[in-house]
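Notes follow the structure.
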Amino acid sequence: MHGFLASSIGVTCAAALALPLTPPAAAAVPPPAPAAAPAASAEASAEASVSGSTRSLPLRPLARDRAAGPAEQGVTRRDVPPFSLVGVVWDDPDSALHGSAQVRVRDTGTGAWSDWQDLDTHNADHGADPGTTERGSDRVRGATAPLWVGDSDGVELRVRADDDDPWWGLPEGLRLELVDPGLGATREEEAAATGQATPEPATYAQAKPHIGPRPGIVTRRGWGADEGLREKGFKYTKKVKAAFVHHSATGNNYTCAQAPSVIRGIYRYHVRSMGWRDIGYNFLVDKCGKIYEGRAGGVAKPVLGAHTLGFNSDSMGIAVLGTYSTKKPSAKAVKGVARLAAWKLGLYGMNPRGKTYLKSGGGNLYRKGKNVRLNVISGHRDGFNTSCPGAQLYKKLGTARSTAAKYQGR
């Protein structure tokens, strides 16, 4: 587990967009490479379905030799089938990518190339707990956080090892993942599904006081989840004693109408590219405050997620779509987190303003088996040495706690 145990306080859990770098002059850019080869070729593979597809492109060395500087691999500029979300994966989930990964894409509508955008190379703080079946699957891979880039049909990627790392520091099996989230549900289906989800057991409402009103929740059918992607069956923990708030790593360049597509992209990336059994988060909230069902198993039930490595048991993960390291989250998004927490935590008798104890499953902050006192509404950074959910969203957790408590009538 060297990769994530070695993470430092500077590790981030979301793929924040970097300040744009100046692209090279047009004369210096090589002509576009031929379109990516079909799925059966060695250069690329794709799996098509009505709900989208994933295309993998192996990275190739970009520097000729070690004298040219640190190891650099990438994908040269080329035409590819349409996609909207990107990320980089590698073979060993316990290996870290010590370096930088940058991508630029061509807009399908305008034909214009974007500036270079950073992918977060430190994504080990998400995932199933050590020692669990999901973590131990031979399908699980290391990965950057995904980045939403919108409708694109051209791509270029460069991955560079840190200057103080030897050239062999890059993990093995680096591949660029291009995710097409597909069309998903129609607007009519999504509207019809809003607020529909597995009803909570009546015993909770009868036995527990201070349950906030149930908010509208867009079901998995509502955002167009392809249920054939995930593993069959469901995994549960005992209860929900805490909520960990995250930002999604996908950037802020999405509209609220695009949120279902962003979620489908994250879902496909988590399952097909990273090898998880389902999307990692239990719930997601967009910038307009709309709440979405995440991992399958019933929105009122204690579904075991893969969101806060070491603290997935007896908790739930709420991801706010976007990157909030420097950008402030919308008031609607914070209110959405509060409304969801007031209801779901209330089902299990938890006070959003309170504290609770969770047993660590192992991580870079707390040893396995340690009982840790945490806020009932915590940020990801409270359970793992990371900057997630971003400084600006983390600052708003106090507001989320007090607002959720008011919804519970406290």
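Index from 1, following the sequence. Worth knowing before you read on, the calculation uses all heavy atoms, side chains too, and leaves out hydrogens, waters and symmetry mates.
- Note on ring orientation: taking the six-membered ring where Trp is involved, the planes of H270 and W276 are tilted (angle from 30° to 60°).
- Other residues, nucleotides and ligands contribute more than 12 heavy atoms inside 6.0 Å of the OH atom of Y236.
- Atoms CD and CG, on Q117 and D115 in that order, are 7.5 Å from each other to the nearest 0.5 Å.
- In this structure a side-chain-to-backbone donor-acceptor pair under 3.5 Å is missing from T144 to T121.
- Looking only at side-chain heavy atoms (C-beta outward), E293 and R221 stay at 4.5 Å or farther from each other.
- Between the Y254 side chain and the K287 main chain, a donor and an acceptor come within less than 3.5 Å of each other.
- Formation of a donor-acceptor pair under 3.5 Å by the R220 side chain with backbone atoms of G294 is found in this model.
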Show the numbers, then the answer: is there a side chain to side chain contact (heavy atoms under 4.5 Å, CB included) between L57 and L178? CA-CA 8 Å; L57 301 176; L178 304 175; 3.9 Å; yes
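- The CG atom of L97 sits 12.0 Å away from the CG atom of D92 when rounded to the nearest 0.5 Å.
- Considering every non-hydrogen atom in both I291 and G216, the closest pair reads CB-O, 3.8 Å.
- Side-chain contact check for K335 versus Y407: some heavy-atom pair is nearer than 4.5 Å.
- To the nearest 0.5 Å, atom CG of residue D314 and atom OG1 of residue T237 are 4.0 Å apart.
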Please walk me through it: do Q392 and K327 pass side chain to side chain contact (heavy atoms under 4.5 Å, CB included)? CA-CA 6 Å; Q392 297 303 318; K327 182 178 177 60; 5.8 Å; no
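- There is a side-chain donor-acceptor pair under 3.5 Å between S84 and D151.
- Here the closest heavy-atom approach between residue P215 and residue W343 is recorded as CD-CB, 3.7 Å.
- Neither side chain, R175 nor S56, offers a donor N or O lying under 3.5 Å from an acceptor on the other.
- Relative ring orientation between F244 and H307 is described as tilted, the plane-to-plane angle lying within the 30° to 60° band.
- At least one donor-acceptor pair closer than 3.5 Å links the side chain of R141 to the backbone N or O of S273.
- Atom CD of residue Q408 and atom CD1 of residue I211 lie 8.5 Å apart, to the nearest 0.5 angstrom.
- Judged purely by atom type and a 3.5 angstrom limit, K344 uses its side chain to pair as donor or acceptor with the backbone of K301.
- Residues T308 and H246 bring a donor and an acceptor atom of their side chains to less than 3.5 Å of each other.
- Judged by distance alone, the side chain of D278 and the main-chain N or O of R295 form no donor-acceptor pair under 3.5 Å.
- Salt bridge annotation for R106-D153: present, with a cationic side-chain nitrogen under 4.0 angstrom from a carboxylate oxygen.
- Taking each heavy atom of G52 and R268 in turn, the nearest pair found is O-NH2, 3.5 Å.
- A cation-pi arrangement is present between R381 and Y394 under the rule of less than 6.0 angstrom and at most 45 degrees off the ring axis.
- Taken to the nearest 0.5 Å, the CG atom of L393 stands 12.5 Å off from the NE2 atom of H380.
- Side-chain atoms of K241 come within 3.5 Å of backbone N or O of Y357 as a donor-acceptor pair.
- Residues passing the side-chain hydrogen bond (donor to acceptor under 3.5 Å, both in side chains) test with S261 are R264, sequence neighbours excluded.
- The backbone N or O of L85 sits nowhere less than 3.5 Å from a side-chain atom of E177 that would complete a donor-acceptor pair.
- The backbone N or O of R367 lies less than 3.5 Å from a partner atom in the side chain of S360, making a donor-acceptor pair.
- Counting heavy atoms from C-beta outward, V303 and F234 have side chains that stay 4.5 Å or more apart.
- Remark: K235 NZ is loosely packed, at most 12 non-hydrogen atoms of other residues, nucleotides or ligands lying under 6.0 Å away.
- When all heavy atoms of M316 and F283 are compared, the pair lying nearest together is SD-CE1, 3.9 Å.
- Put simply, the side chain of V372 does not reach to within 4.5 Å of the side chain of L365, judged on heavy atoms.
- Considering all non-hydrogen atoms of both residues, V320 and V245 come closest at CG2-CG1, 4.5 Å.
- For the pair N252 and Y324, the minimum side-chain heavy-atom distance is below 4.5 Å.
- Between L358 and N371, the closest side-chain pair of non-hydrogen atoms is not below 4.5 Å.
- One distance of note links CD of Q258 with CG of N253; it measures 9.5 Å at 0.5 Å rounding.
- Counting only residues at least two apart or on different chains, no salt bridge (Lys or Arg N to Asp or Glu O under 4.0 Å) pair has a member in residues 382-395.
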Between S325 and H247, is the side chain to side chain contact (heavy atoms under 4.5 Å, CB included) condition met? List the steps. CA-CA 9 Å; S325 302; H247 56 180; 3.7 Å; yes
Criterion side chain to side chain contact (heavy atoms under 4.5 Å, CB included) on N375 and K355, from CA distance to verdict: CA-CA 4 Å; N375 288 307; K355 303 276 188 178; 2.9 Å; yes
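- Between the Y267 side chain and the G224 main chain, no donor and acceptor come within less than 3.5 Å of each other.
- Within the 4.5 Å cutoff, no side-chain heavy atoms of R55 are placed close to those of F83.
- The minimum heavy-atom distance linking L321 with S248 is given by the pair CA-OG, 3.4 Å.
- The shortest side-chain heavy-atom distance between N282 and I318 does not fall under the 4.5 Å cut-off.
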Evaluate the salt bridge (Lys or Arg N to Asp or Glu O under 4.0 Å) criterion for residues R104 and E156: first the C-alpha distance (whole Å), next the side-chain angles of each, then the deciding distance (0.1 Å), finally the verdict. CA-CA 5 Å; R104 56 183 174 186; E156 184 177 6; 2.9 Å; yes
